[in-house]
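Read through the structure below, which is laid out as structure tokens, and then see the notes.
Note that these values count all heavy atoms, side chains included, but never hydrogens, waters or copies made by symmetry.
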Amino acid sequence: MRTLRALLFNVLFFGGTAILCLSLIPLMLFGRKANQFVGHAWCRLVQFMLRYSVGMRKRITGLENLPDGPCILVAKHQSAWETLTFHTVVTDPAYILKKELTKIPVFGQFLTLSGQIAVDRSAGGSALKDMIKGAAEALAENRQVVIFPEGTRTPPGSDRPYHPGIYALYKAFPQYKVIPVALNSGMFWGRHSFMKYGGKVTMEFMKPIEPDLDRKTFMKEIKNRIDTRTRELEAEAQQEFSLPMLTSDDIAAEKADQAAAKQQDTLSDKAS
């Protein structure tokens with residue numbers, strides 16, 4: 001039964017995404033907020049599909065830690081689920097995302113026109129400047145900047161380093177709160193996984209990071225807060241909803257990717 005329900009969701013997800021994007025193409029002509037509306041509509045549609053196909057719902061905690069206006073949200077990234085969910089929790093999110101996503105036909109155009117912050121990760125120092133510039137524009141428009149510091153989706157149980165771009169945001173915008181976000185979405189919707197599991201996925205907004213921390217202290221503090229609470233939420237989800245262990249193969253693949261990246265960095269250093 002779980003497999004059939006997951007199949008139903010996947011059919012609805014890809015079919016519904018295509019139909020929605022194509023039907024709302026005319027909104028591309030009406031500015032950023034109209035295109036952001038498409039993002040909100042798509043995210044709510046997918047949440048509806050998840051609930052009534054596989055029984056996946058959301059549980060949002062710590063909302064009292066969110067300011068009314070602009071802020072910087074630093075979130076764990078385990079699944080596509082959180083990229084959908086921020087649209088249903090905060091009013092006007094601006095995601096920091098890889099530039100390749102903007103090249104997806106139609107969908108990528110909506111990302112660009114809705115004011116998401118696309119960064120070319122191969123551009124080195126200029127990528128950081130582009131990120132700061134995009135974040136400054138978004139925050140000035142009273143938006144919430146969302147960054148995934150691991151840079152990619154990581155499975156539950158993995159331990160991936162955080163990129164220093166989050167400190168650049170923290171340092172560049174001391175007037176805005178930096179809020180860590182923990183979640184356990186990978187237990188329900190695994191990376192590259194066909195299966196989707198029912199239950200309540202938790203996203204937790206934690207207390208803002210203290211101001212004026214040095215880089216080393218900030219990076220250690222934010223990673224510790226997010227990763228520690230994420231492990232707790234993963235364990236709670238597995239116990240509450242009797243979820244299967246989704247992590248072993250993904251963690252092995254994650255470690256292999258990290259080893260390959262480390263080897264490539266070593267070879268690059270030697271070549272230079």
- Query: Quick one: do K223 and D159 make a salt bridge, cutoff under 4.0 Å?
  - Reply: yes
- Message: Against F148, only a single residue in I96, V181, T154, T83 fulfils side chain to side chain contact (heavy atoms under 4.5 Å, CB included); can you say which?
- Response: T83
- Side-chain heavy-atom pair T152, K98 within 4.5 angstrom cut-off: no
- Query: Any side-chain heavy-atom pair from H87 and Q36 closer than 4.5 angstrom?
  - Reply: yes
- Item | W42/F110 under side chain to side chain contact (heavy atoms under 4.5 Å, CB included): CA gap, chis, key distance, verdict | CA-CA 11 Å; W42 178 66; F110 279 118; over 6 Å; no
- Item | Contact summary for P211 and Y170, nearest pair of heavy atoms | C-OH, 3.0 Å
- Message: Just so I know, are the side chains of V89 and L63 near enough to count as touching, which here means a heavy-atom distance under 4.5 Å?
- Response: yes
- Query: Between E100 and K103, is the closest basic N to carboxylate O distance under 4.0 Å?
  - Reply: no
- Message: Show the nearest heavy-atom pair for residues F86 and A75, with the distance to one decimal.
- Response: CZ-CB, 3.7 Å
- Message: What I'd like to find out is whether the side chain of I60 reaches to under 4.5 Å of the side chain of T85, using heavy atoms alone.
- Response: yes
- Message: Here's a test for you: under side-chain hydrogen bond (donor to acceptor under 3.5 Å, both in side chains), which of K76, E82, R191 qualifies with S185?
- Response: E82
- Task: Indicate yes or no for a side-chain donor-acceptor contact from S158 to the backbone of R160 under 3.5 Å, with no hydrogens or angles considered.
- Result: no
- Test F9 against every option in Y52, W189, F14, F188 by the ring pair (Phe, Tyr, Trp, His ring centres under 6.0 Å) rule and name the one that passes. W189
- Item | Stepwise salt bridge (charged side-chain N to carboxylate O under 4.0 Å, His left out) test for E210 and R225 | CA-CA 12 Å; E210 295 81 2; R225 283 199 204 179; 2.8 Å; yes
- Query: Do Y167 and I222 have side chains that get closer than 4.5 Å, going by heavy atoms?
  - Reply: no
- Task: Provide the closest heavy-atom pair for M206 versus I226 in the form atom of the first, atom of the second, distance.
- Result: CE-CA, 3.8 Å
- Task: Flag yes if more than 12 heavy atoms outside Q239 fall under 6.0 Å of its CD atom; otherwise flag no.
- Result: no
- Message: Could you check whether R229 pairs with E236 (Lys NZ or Arg NE/NH1/NH2 to Asp/Glu carboxylate O, under 4.0 Å)?
- Response: yes
- Message: Has E150 got a side-chain atom pairing as donor or acceptor with Y162's backbone, closer than 3.5 angstrom?
- Response: no
- Would you check, one step at a time, whether the test side chain to side chain contact (heavy atoms under 4.5 Å, CB included) holds for L84 with T88? CA-CA 7 Å; L84 306 168; T88 67; over 6 Å; no
- Item | Option from T202, V201, T61 for which side chain to side chain contact (heavy atoms under 4.5 Å, CB included) with L233 holds | T202
- Task: Decide ring pair (Phe, Tyr, Trp, His ring centres under 6.0 Å) for F30 and F37; before the verdict, give the C-alpha distance in whole Å, the side-chain angles of both, and the deciding distance to 0.1 Å.
- Result: CA-CA 11 Å; F30 294 95; F37 168 80; over 10 Å; no
